[in-house]
Amino acid sequence: MSAPGTPSPSADVVLEVKDLKKHFPIRKGLFSSVVGHVQAVDGVSFSIRRGEALCLVGESGCGKSTVARTIARLEEPTAGSIVLNGTDISALGEGEIRPYRRQMQMIFQDPYSSLNPRLTAGEIVSEPLTNFGLAMGSDLQARVASLFERVGLRADAMAKYPHEFSGGQRQRLGIARALAVSPQLILADEPLSALDVSVQAQVLNLLIDLQDELQLGYLFVSHDLAVVEHIGHRIAVMYLGRIVEIADNASLFDTPLHPYTEALLAAAPVPEVQRTKRERIILTGDVPSPSAPPSGCRFHTRCPYVRPECSRIDPPLVEVAPGHHVACLLRPGPSAGHAAP
Ligand code: SF4
């Protein structure tokens, strides 16, 4: 079976993730015995095609950044497959995965900590080109200069060190470094959240322009619904390590079908995110621990529409309308009709 939201077979799929899991062991005691696991990501499936931005959204701790880091193989997957341009990279060793790292690059939340403070900006962008043997000499200089220009940095910035840049400039530098090896997939982990509000829109528009121009696939992780609405072609909503709803941008923002998505949108402070005037749903209770997720539907401890069976039955992610998948017992699928919450 295809991952939810899988494009038609003719479409150019860059990434297909199936049933991805990342569980972190909890160790205690003198001998660091494993006493449990944090189920940070617990069975996530989706695909991304060329030129498409899939956004992962959800509250802090829902596992969205871990999804991106596991796909980048900065974390070892516990289970599942990560198929990048037709090759499953989930079990490749460090040496084997190296050529695939060129095909996907990561943009991090904190551009400062992701840049080597001892290298000049020019050296930072040159590094991946020389590491992969893609350019040298005058060709290298020309390619770095072109990347600087493309991300809106002046050529004289090449001689500066990261601490001499503003936050927005450092993120532009991070983007230039990611683009240097001509990747097809960008994994962007909250790339705007460390920036001043005044520069967020500029960096967001740069990312959108680059995607359009280079037909990049984006996995864009964010907690900010206004940003997600602006950049996402499709949106996946995560709760406690799982995707609970995935749909195209218009469907998700106009007709959210999962109670958790409804609550997220209703709580959004930005009016344009709330395209439909909806009752404000206040979620009660804390997010349960991912080391001991609730039985049945993981959202049942906070859901305003909870039914007795919700604590027993774990609802699968089902397609209730073309391309619109939801994991909720109130949404049994098109053949069984729609039950309004
Ligand atoms: Fe709420 Fe039940 Fe649907 Fe879970 S399955 S979201 S608890 S109504």
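Start at 1 and go down the list; that is how both ligands and their atoms are numbered. Throughout, residue positions are numbered sequentially from 1 according to the sequence presented. Values below: every heavy atom of this structure, side chains too, minus hydrogens, waters and symmetry copies. Note that the structure is a prediction, hence the values are computed from the model and not measured.
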- Hey, what's the ring geometry for Tyr239 with Phe299, parallel, tilted or perpendicular (30° and 60° as the breaks)? perpendicular

- Message: Parallel, tilted or perpendicular, judged at 30° and 60°: which one describes the rings of Tyr161 and His163?
- Response: parallel

- Quick one: how many protein N/O/S atoms are under 2.8 Å away from atom 2 (Fe) of ligand 1?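 That number is 1, waters not included.
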
- Query: Can a cation-pi geometry be assigned to Arg69 and Phe108, taking NZ or CZ under 6.0 Å from the six-membered ring centre and within 45° of the ring axis?
  - Reply: no

- Do Leu179 and Ile175 come close enough that some side-chain heavy atom pair is under 4.5 Å? yes

- Task: Quick one: list whatever passes side-chain hydrogen bond (donor to acceptor under 3.5 Å, both in side chains) with Asn131, sequence neighbours left out.
- Result: none

- Query: Going by the atom numbers of ligand 1, which of them fall below 4.0 Å from some non-hydrogen atom of His258?
  - Reply: 6 (S)

- For atom OH of Tyr100, decide whether the heavy atoms of other residues, nucleotides or ligands shown that lie under 6.0 angstrom number more than 12. no

